[in-house]
Amino acid sequence: MPAQSKISRRMSQSAVVQAIATYGPISRASVAKLTGLSKQTISEIVGNLEADGWVRTVGQTEGHVGRRAVVYEIAPDAATVASVDLGGTKVRVARCDLTGCVLAERTEPTEQSGGINVVEQVSRMVRTTAAGSEYGELKFVVVGVPGVPDASTGAIHMAPNISGIDQIDLANELNDRLGVEVLVENDVNLAALGEHWMDNRTDADDLVYVSVGTGIGAGIVVEGKLMRGVSGAAGEIGFLPFGADPFEAESLKTGALERVSATEAIVGQYYDLSGKTLSVPAIFDAANAGDTHAETTLDNVAMQIARASASIIAILDPSLIVMGGSIGAREELMHRVSRFLEQCFPRTVSLQPSKLGTHAALAGGASIALSHLHMSLFAEGQKGAEIRVPPPAFETFKAGVS
């Protein structure tokens, strides 16, 4: 078959798959109307997809003049993908079908020895969730990491909470053990994509996800796509040059803003004011109980995050900022950030807590994995092609990984 015919075939097939994925259950006549392809072409493509197990019939619907038309949808169990959220304290793994629904999940404390032992742990957890004859074959894995993946070496930089991860090619090591393609992405970037995907936001809905926890970072989605920057470090707002002295040596390692806004900073500020050592959750509880030292601590942190948010808005002008992370998603902090943001920025900005919470990165990983899988199966070699998989029901996904 001539090269141009193959490309044309791929274009037609990807258009059909996109129509079925987005609007299924759907009849061949409706697919023809959506794609502009002939009924003969639709019948041939759908027939081949059904024969190969990628789509299935799910009943019939009324057609013209009483005729009934067979309707099709993507076969959910034809293949599976895995989404991994690799953190400094926990590893979460979710295995999803072709519609994004979670089939199995596991959570374990992160192997503290780091390095290759973390690789072995993630590989074992993915294999365990993939162990089940009732599930389709595992085809793609996305791993979210608390750092910046180096595209040339595969090492993960700026991830001090997982030792040795900057000395190995994480994606390649996992690929060797799992035998499938593995993509590694910053976890906050995945969380931003997860919130964007699960909320059914369009390309016109730019979004910035600000995560505050052990560290602070941002994931930026513009026109439906992640903004990574030349080195993949876009959104490393912990290094914004305010908060602590940005010219101190420690700020080159941790970041001036992170030094005054993340977990250690909150614990340290409260100790300086009260002389007592409390965990971050306990400090929130104390503030809610009227402890003035705890209230002052949270006010100081919120003021710095508001300054960072104002900086983001001034440059990107997004339609929404989502606050996430174990600290950032807390309403007590978000309300403070919102109040200070009104005082330092001249227009109202939509600010809301994460809807997915600790599962945002898993959702983002699933969205990337499904898109890559559909592209490799149905649009290989087609330049500029994109197949977007609609998200599963919000509560269904979150319940599946709870």
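Within the model, atoms CD1 of Ile283 and CD of Glu332 stand 12.5 Å from one another, a figure rounded to the nearest 0.5 Å. The distance from atom CG of Leu86 to atom CZ of Arg92, rounded to the nearest 0.5 Å, is 11.5 Å. If you take CD on Gln112 and CG on Asn161, they are separated by 9.0 Å, rounding to the nearest 0.5 Å. In this structure, CG in Leu174 is found 11.5 Å from CG in Leu183, a value given to the nearest 0.5 Å. One distance of note links CZ of Arg307 with CG of Leu257; it measures 9.0 Å at 0.5 Å rounding. A distance of 10.5 Å separates OH of Tyr209 from CG of Leu190, quoted to the nearest 0.5 Å.
At a cut-off of 3.5 Å, with distance as the only test, a side-chain donor of Glu111 or Ser113 sits close to an acceptor on the other residue. There is no side-chain donor-acceptor pair under 3.5 Å between Thr297 and Asn300. No side-chain donor-acceptor contact under 3.5 Å links Thr129 and Arg106.
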Going through the checks in order, is the side chain to side chain donor-acceptor pair (under 3.5 Å) test met by Thr202 and Asp205? CA-CA 5 Å; Thr202 69; Asp205 299 317; 3.1 Å; yes

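Counting only distance, with no hydrogens or angles, the side chain of Asn186 and the backbone of Val188 share a donor-acceptor pair below 3.5 Å. Counting only distance, with no hydrogens or angles, the side chain of Ser338 and the backbone of Met334 share no donor-acceptor pair below 3.5 Å. Remark: the backbone N or O of Ile45 is not paired with any side-chain donor or acceptor of Gln13 at under 3.5 angstrom. A donor-acceptor pair under 3.5 Å links the side-chain atoms of Ser251 to the main chain of Asp245, judged by distance alone. A donor-acceptor pair under 3.5 Å is absent between the side-chain atoms of Asp150 and the main chain of Ile156, judged by distance alone. Side chain of Ser309 to main chain of Ile305: a donor-acceptor pair is present (N/O by atom type, distance under 3.5 Å, no hydrogens or angles). Judged purely by atom type and a 3.5 angstrom limit, Ser261 has no side-chain atom pairing as donor or acceptor with the backbone of Val301.
Ionic pairing of Glu173 and Arg177 is present here: one or more N-O contacts between side-chain nitrogen and carboxylate oxygen are shorter than 4.0 angstrom. The residues Arg201 and Glu195 are annotated as not salt-bridged, no charged nitrogen and carboxylate oxygen being separated by less than 4.0 angstrom.
The salt bridge (charged side-chain N to carboxylate O under 4.0 Å, His left out) test with Arg259 is passed by exactly one of Glu264, Glu250, Glu248: Glu248.
Shown here for Ala361 and Asp187, the closest heavy-atom pair between the two residues is CB-O, 3.7 Å.
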